There are 2 protein chains.
Amino acid sequence: MSQTESPEPGEDRLDWAIRTCRERGLRRTKALQELLRVLIAAERPLNLTELESAPELSDQCDRVTLYRLLSRLEERGIVRRLGFRERAAYFTFCYPGEHHDYLICTDCGKIESLSLACPVEALEKQVMADTGFSGLYHELEFFGRCPKCAIPA
Amino acid sequence: MSQTESPEPGEDRLDWAIRTCRERGLRRTKALQELLRVLIAAERPLNLTELESAPELSDQCDRVTLYRLLSRLEERGIVRRLGFRERAAYFTFCYPGEHHDYLICTDCGKIESLSLACPVEALEKQVMADTGFSGLYHELEFFGRCPKCAIPA
DNA sequence: GTACCTGCAAAACCTTTGCAGCATC
DNA sequence: GATGCTGCAAAGGTTTTGCAGGTAC
């Protein structure tokens, strides 16, 4: 898994993303730029169907192209693939130094990003020491019922 | 999501599982008992292909039957379905009062169960208060490279 | 000009559903 | 005996691969 590089001063997210893609051997195609724009604007994980139906992408490139772009971005550490126990994978933009946890409604499937003071970072060191694993990172998901879904019963 | 019931004194895991299945309306079939036995013995999450090729199950029941059993068990809170960002779902036995976190090698895909003094429980209350979600539980996964995969490079 | 990227088609794979026959209660 | 469970077949989605043509470098 690649390391992410620090943004330069004054550089915004899209600029950082495009520069980093270039540095890691990707070509600056229209599809790539639009995909990054959509992912960054979303601020929450999106699956392929959601990405495909974004107006900026729907007539820009087809599903397979999106998959291949997302795979390349994932290999380069610019995007992260998430499970959420649904059939379709979710993808989220990774900006250096940022970490999100997620809150998912088990009824309606709604996904929110949380920016918690996450106590798990400290555990990572301990797990690395205990197990010999290296390059650890974590994903934390909360599942429950959102207020809207809790009303009926 | 169903609540799990407490085990009775002296009752082992398999007995608890079978009793709970019966109480929640499942029939005591050979396939169900073998599946529970395999899941409990595994002590780590298994996917359907792994379950299917377990000697106790391979000539006992087919893939579809396993799926349906696992779905019924999941609805009844006896089994939990996990994502792990792979294509196939993983299933793990849920014993009341136990919680596991997971450690997954991003190279070889090996999955280990961790029994951590997990600091996330305290956060659940805070997240419920902040967001209005109810019935929260969490899943925590660590990703990294296992010692064996770290050797080559 | 070369190497990579895109789009279309199709394959591979995992999951879900239908239905007749069988086992459990 | 009624109800639910099993096995086979097939459908429904998602993900992956092949290849000819186009685009970025």
Side-chain angles (χ1 to χ4, degrees), chain A residues 17-38 45-54 56-76 78-92 109 111, chain B residues 17-38 45-54 56-76 78-92 109 111:
Chain A
I18 292 174
R19 176 171 65 84
T20 305
C21 286
R22 292 293 296 119
E23 287 169 2
R24 295 180 189 172
L26 294 184
R27 293 194 171 174
R28 183 185 194 125
T29 63
K30 189 127 176 45
L32 174 63
Q33 291 175 82
E34 287 304 330
L35 172 57
L36 287 170
R37 209 188 302 279
V38 171
L46 299 174
N47 64 29
L48 199 68
T49 304
E50 293 171 318
L51 285 168
E52 197 183 17
S53 55
E56 300 88 335
L57 294 173
S58 54
D59 34 56
Q60 194 54 236
C61 52
D62 79 349
R63 201 180 173 90
V64 174
T65 297
L66 287 176
Y67 252 103
R68 286 196 266 225
L69 283 172
L70 289 164
S71 301
R72 287 172 209 143
L73 290 167
E74 189 191 6
E75 287 167 10
R76 288 161 177 80
I78 296 161
V79 153
R80 188 166 283 178
R81 182 191 297 248
L82 302 167
F84 298 143
R85 296 192 296 167
E86 272 178 55
R87 228 165 127 176
Y90 280 76
F91 297 89
T92 189
I111 297 167
Chain B
I18 292 174
R19 177 173 63 85
T20 306
C21 285
R22 293 289 300 118
E23 287 170 3
R24 296 181 188 172
L26 295 183
R27 291 190 174 177
R28 183 185 194 122
T29 63
K30 189 130 177 42
L32 174 64
Q33 291 175 85
E34 287 303 331
L35 172 58
L36 287 169
R37 209 186 303 277
V38 171
L46 299 174
N47 64 30
L48 200 67
T49 304
E50 293 171 319
L51 285 168
E52 197 181 19
S53 56
E56 300 89 335
L57 294 174
S58 54
D59 34 55
Q60 194 54 236
C61 53
D62 78 350
R63 200 180 174 89
V64 173
T65 297
L66 287 176
Y67 255 109
R68 286 195 266 226
L69 282 173
L70 288 163
S71 301
R72 286 172 211 141
L73 290 168
E74 190 192 4
E75 287 166 10
R76 288 161 178 81
I78 296 162
V79 152
R80 187 167 284 178
R81 181 189 298 248
L82 302 167
F84 297 146
R85 297 192 294 165
E86 271 179 57
R87 224 162 130 177
Y90 280 75
F91 298 90
T92 189
I111 296 167

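Values in this document were obtained by computation on a predicted structure and should not be read as measured data.
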Review point. With B:F84, which residues qualify under ring-ring contact (aromatic ring centres under 6.0 Å, His included), at least two apart?
Key: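 Only B:Y90, B:Y102 meet the ring-ring contact (aromatic ring centres under 6.0 Å, His included) criterion with B:F84.
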Only counting residues at least two apart or in another chain, list the ones meeting salt bridge (charged side-chain N to carboxylate O under 4.0 Å, His left out) with [X].
X     : result
B:R63 : B:E52
A:E86 : none
B:E56 : none

Review point. When every nucleotide of nucleotides 18-25 of chain C is labelled 5' to 3' by its protein contacts under 4.0 Å (heavy atoms), B for base, S for sugar-phosphate only, - for none, what sequence of letters results?
Key: BB---BBS
From [atom1] of [X] over to [atom2] of [N], roughly how many Å is that when rounded to an integer?
X     : N      : atom1 : atom2 : value
A:I18 : D:dA24 : CD1   : C1'   : 14 Å
B:E34 : D:dC5  : CD    : C1'   : 16 Å
B:L70 : D:dT6  : CG    : P     : 11 Å
A:L66 : D:dT16 : CG    : P     : 14 Å
B:R63 : C:dA12 : CZ    : P     : 16 Å
A:R72 : D:dT16 : CZ    : P     : 13 Å
A:D62 : C:dC8  : CG    : P     : 6 Å
B:L32 : D:dG4  : CG    : P     : 16 Å

Check your understanding: Which residues pass the side-chain hydrogen bond (donor to acceptor under 3.5 Å, both in side chains) test with A:T29, sequence neighbours left out?
Key ->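 Partners of A:T29 under the side-chain hydrogen bond (donor to acceptor under 3.5 Å, both in side chains) test: none.
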Point to revise | Residue mapping more 5' on DNA chain C - nearest nucleotide basis, A:C61 or B:S71 | key: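 Per heavy-atom nearest nucleotide, the more 5' residue is A:C61.
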Practice item. Begin from the C-alpha positions of B:R72 and B:E75 and carry the test salt bridge (charged side-chain N to carboxylate O under 4.0 Å, His left out) through to its verdict. Key: CA-CA 5 Å; B:R72 286 172 211 141; B:E75 287 166 10; over 6 Å; no
